[in-house]
Amino acid sequence: MKRPGEDQQLANTAPGFDGTTPLAREIADLTRRRQAIASDELPKPGRTRVLTISNQKGGVGKTTTAVNLAAALARRGARVLVIDLDPQGNASTALGVEHRAETVSVYDVIINDMPLADVVQKSPEFGALYCVPATIHLAGAEIELVSLVAREQRLRRALDLHLRDMEDPYDYVFIDCPPSLGLLTINAFVAAREVLIPIQCEYYALEGLSQLLKNIELIEKHLNPDLSVSTILLTMYDGRTNLANQVAQEVRDHFPNQVLETLIPRSVRVSEAPSYGQSVISYDLNSAGSLSYLEAAAEIAKRGAPQTGEQQ
């Protein structure tokens with residue numbers, strides 16, 4: 001009969017076993033990160049934080065970031081709402097909520113003045129994770145908004161009213177934007193207090209970013225003086241390439257106060273999860289991608305924590 005731990009002892013002394021191999025180091029690193037996350041208690045924000053996740057460049061991980069940060073925070077006990085403002089409805093799919101054409105959605109909120117409370121759906125992912133779905137009708141909203149009164153303020157007013165009427169408001173609201181700078185994105189900027197920009201660690205990462213920052217500055221000046229770029233997240237990072245490291249360093253040099261320490265790696269698990277109607281947090285909690293989003297969520301939570309403790 002084998003004694004407890006004998007299998008591991010035999011493995012450690014087996015021919016060819018080397019605890020310094022790349023695989024062994026990776027396993028040890030993942031174990032260390034899991035333990036650090038489990039022992040870390042996240043602070044709650046003093047009031048609801050509303051973050052718009054935006055980048056006019058497509059394919060940088062906006063929806064993936066919105067869904068997985070929301071799921072990571074919800075798993076750690078926060079109340080989180082995701083507003084899907086992209087007509088493709090990918091965030092709705094990833095969070096497992098209904099968004100067929102006949103479903104009441106964010107379109108009805110923006111165009112038909114439906115209360116946000118009538119549209120919010122509970123995600124099956126975690127107990128405190130909610131989603132306002134997007135349907136195909138949102139594709140025509142840009143044209144319909146042109147003739148409406150206060151067209152840039154419609155999401156802001158609906159969200160403010162919803163939060164005011166809640167007994168237990170959300171800790172975080174994430175708004176997932178389409179890859180454009182139209183009226184839907186402007187509505188998202190006006191509704192938010194913070195902008196989170198995902199930047200892909202690729203050659204064209206900074207292309208178009210200056211125009212995005214100029215537009216945010218215009219929104220801040222004319223429509224929403226509370227808006228600021230609070231967070232930049234580096235996504236699709238591949239540490240094996242010099243290019244990824246160069247892009248990451250360049251972004252850090254340009255935005256030293258906004259870039260998170262956490263890097264989101266390229267990950268098969270992150271790509272697979274939406275096809276199962278899940279975030280990577282619930283699809284594979286122990287994967288490198290999942291741990292990275294949990295770490296990024298922790299950074300965001302700590303950056304936005306009440307400052308009173310630091311002043312004492």
Count I, L, V, M, F, W, Y as connected when their side-chain heavy atoms are under 4.5 Å apart, and connections chain through other members. Are [X] and [Y] then in the same cluster?
X      : Y      : value
Ile281 : Val268 : no
Leu218 : Leu227 : no
Ile197 : Leu181 : yes
Val60  : Phe174 : no
Leu196 : Leu95  : yes

Write down the atom of [X], the atom of [Y], and the distance for their closest heavy-atom approach.
X      : Y      : result
Glu142 : Leu183 : OE1-N, 2.7 Å
Leu212 : Asn55  : CD2-CA, 3.9 Å
Thr52  : Cys177 : CG2-SG, 3.3 Å
Pro133 : Glu98  : CB-O, 3.6 Å
Ile83  : Leu159 : CD1-CD1, 4.3 Å
Val120 : His162 : CG2-NE2, 4.0 Å

Can you find a pair of side-chain heavy atoms, one from [X] and one from [Y], that are under 4.5 Å apart?
X      : Y      : result
Tyr293 : Leu69  : yes
Asp171 : Arg49  : no
Val173 : Leu51  : no
Phe255 : Leu213 : yes
Gln211 : Gln56  : yes
Ile264 : Leu234 : no
Ser290 : Asp284 : no
Leu145 : Leu148 : yes

Does the [X] side chain pair with the main chain of [Y], one donor and one acceptor, at a distance under 3.5 Å?
X      : Y      : result
Arg79  : Ala128 : no
Arg269 : Ala288 : no
Glu125 : Ala71  : no
His99  : Ser105 : no
Arg157 : Ala191 : no
Asn187 : Leu155 : yes
Ser92  : Ala134 : yes
Asp176 : Leu85  : no
Lys302 : Pro43  : no
Asp108 : Asp113 : no

From [X] [atom1] over to [Y] [atom2], what is the distance, rounded to the nearest 0.5 angstrom?
X      : Y      : atom1 : atom2 : value
Ile175 : Lys62  : CD1   : NZ    : 14.5 Å
Leu243 : Glu250 : CG    : CD    : 10.0 Å
Gln88  : Thr93  : CD    : OG1   : 10.0 Å
Arg303 : Ser230 : CZ    : OG    : 8.0 Å
Leu233 : Ile300 : CG    : CD1   : 6.5 Å
Ile199 : Met236 : CD1   : CE    : 12.5 Å

Report, as yes or no, whether the 6.0 Å neighbourhood of atom CD on Glu102 holds more than 12 heavy atoms from other residues, nucleotides or ligands. yes
Classify the angle between the aromatic ring planes of Tyr283 and Tyr276 as parallel (below 30°), tilted (30 to 60°) or perpendicular (above 60°).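 Parallel: the ring planes of Tyr283 and Tyr276 meet at under 30°.
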Verdict with supporting geometry, Leu116 and Leu161, side chain to side chain contact (heavy atoms under 4.5 Å, CB included): CA-CA 8 Å; Leu116 205 59; Leu161 183 62; over 6 Å; no
Would you please test Arg266 and Glu202 for salt bridge (charged side-chain N to carboxylate O under 4.0 Å, His left out) and show each step? CA-CA 12 Å; Arg266 286 192 176 277; Glu202 297 288 354; 2.5 Å; yes
Using the side-chain hydrogen bond (donor to acceptor under 3.5 Å, both in side chains) rule, take Arg75 and Ser282 through it: C-alpha gap first, then chi angles, then the decisive distance, then the call. CA-CA 9 Å; Arg75 188 180 188 277; Ser282 59; over 6 Å; no
Test side chain to side chain contact (heavy atoms under 4.5 Å, CB included) applied to Arg33 and Ser292, step by step: CA-CA 9 Å; Arg33 291 167 65 189; Ser292 295; 3.0 Å; yes
Apply side chain to side chain contact (heavy atoms under 4.5 Å, CB included) to the pair Tyr130 and Val82, showing each step before the final yes or no. CA-CA 6 Å; Tyr130 301 85; Val82 176; over 6 Å; no
How about [X] and [Y]: does a side-chain donor come under 3.5 Å of a side-chain acceptor?
X      : Y      : value
Asn90  : Thr63  : no
Asp253 : Gln249 : yes
Asn112 : Tyr107 : no
Glu295 : Thr262 : no

Would you sort out whether Asp160 and Arg156 count as a salt bridge (charged side-chain N to carboxylate O under 4.0 Å, His left out), showing the intermediate values? CA-CA 6 Å; Asp160 285 349; Arg156 169 72 175 263; 2.9 Å; yes
Do Val132 and Leu81 pass the side chain to side chain contact (heavy atoms under 4.5 Å, CB included) test, and can you show the C-alpha distance, the side-chain angles, and the key distance before you say yes or no? CA-CA 8 Å; Val132 175; Leu81 174 68; 3.9 Å; yes
